> 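This is the structure, below, for whatever I ask next.
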Amino acid sequence: MRTDNEYVLGTGGDEHERLGVQHRLWANATHDAWMRAGLRRGETVLDLGCGPGWATFELAQWVGSTGRVLAADLSDAFIATVQTEANRRGLTNVDAFVADAVGDLDQKLADRPLIDLAWARWVFCFLPAPQRALEAIGSRMRAGGRVVLHDYFNYTSMTAAPRCAFHDRAVDATARSWRDAGGDPDVAAKLPALLVDSGFDVEHIAVHQRVARGADPMFAWPNTWWRTWAPKLVATGYLSAADCEGLLATLTDVESNPRRFVLPPPVTEIIARKR
Ligand SMILES: C[S@@+](CC[C@H](N)C(=O)[O-])C[C@H]1O[C@@H](n2cnc3c(N)ncnc32)[C@H](O)[C@@H]1O
């Protein structure tokens, strides 16, 4: 059973580890996006929906001791992890706090330094009112500050190749589950308009599409995703146990079968600047 401040994917040890694998595989694209947005030493960065902090600690290195990372998440379990790990690493420039991006974020930011750059990856797709988060960010950002987003549009294009009904049904179940929880697996399609309405100029939109063959490092992304998430879809009634079993058997085959691959969901990158 989920607690009140757990998002739909959960915040247990399995999700913590999965987010770490995912971060490693997406670290290069993430660093490129920060570079493109001109992230500099000494800046104050908001890591919105920071999770257990995989990107937070890298941001802390990028901005250095003269900068600051405001790490905000809905989950008190993830925030406790970020605090403990920041202490263990001796990172004194990480300020981790619980905040709801569509609730009290503006209040939580009110007595903290103004933001130079806001980063949010795979967060807006879970928000019931993304506009509220952008308004909260905008209200505490300097003119010329940047928002850097990695999120989903066309999530349901995720496919096993050749096509496989088990995989198709799991993707559909995922989209339904997120929507029922108030999220939107197509949110990145709406973000440019929401950014413009919230006082930002959109400077850059790009799409990162990956291919995951069984022998590729990138295969760990769909593989860890389905092995942690599909059983949760079964537990919540979105997927049958038989479909879950079929899906996981498919992944086992893809892993060693050079004739097959997975097309993971495309990740949309958006960079916008505060007017
Ligand atoms: C898929 S994880 C991504 C974590 C991190 N951004 C990363 O890239 O590793 C989504 C995160 O968004 C957080 N989240 C979901 N809804 C939120 C909300 N309303 N306010 C703040 N954080 C939220 C979750 O707790 C979770 O840590």
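FYI, the numbering just counts along the sequence from 1. Since we're looking at a predicted model, the values are computed, not measured. Heavy-atom basis, side chains included; hydrogens, waters and symmetry copies ignored. First listed ligand is number 1; within each ligand, the first listed atom is number 1.
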> Would you please name every residue forming a side chain to side chain contact (heavy atoms under 4.5 Å, CB included) with Glu255, sequence neighbours left out?
Phe219, Asn223

> What does the list of residues with a heavy atom under 4.0 Å from ligand 1 look like, ordered by chain and number?
Tyr7, Leu19, Gly49, Cys50, Gly51, Asp73, Leu74, Phe78, Ala99, Asp100, Ala101, Arg121, Trp122, Val123, Phe126, Leu127

> Would you please indicate if the ring centroids of Trp54 and His16 are separated by under 6.0 Å?
yes

> According to side chain to side chain contact (heavy atoms under 4.5 Å, CB included), who are the partners of Asp184, at least two apart in sequence or on a separate chain?
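Per chain and number, Asp184 pairs via side chain to side chain contact (heavy atoms under 4.5 Å, CB included) with Arg179, Asp186, Val187, Lys190.
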
> Output every pair passing salt bridge (charged side-chain N to carboxylate O under 4.0 Å, His left out) with a member in residues 163-173, not counting sequence neighbours, ordered by first then second residue.
Arg169-Asp243

> Among Arg275, Glu135, Gln131, find the residue that satisfies the side-chain hydrogen bond (donor to acceptor under 3.5 Å, both in side chains) test when tested with Ser198.
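Answer to the side-chain hydrogen bond (donor to acceptor under 3.5 Å, both in side chains) test with Ser198 among Arg275, Glu135, Gln131: Gln131.
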
> Given 3.5 Å as the limit, does a donor-acceptor pair link the side chain of Asp116 with the main chain of Val45, or not?
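Judged by distance alone, no pair lies under 3.5 Å.
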
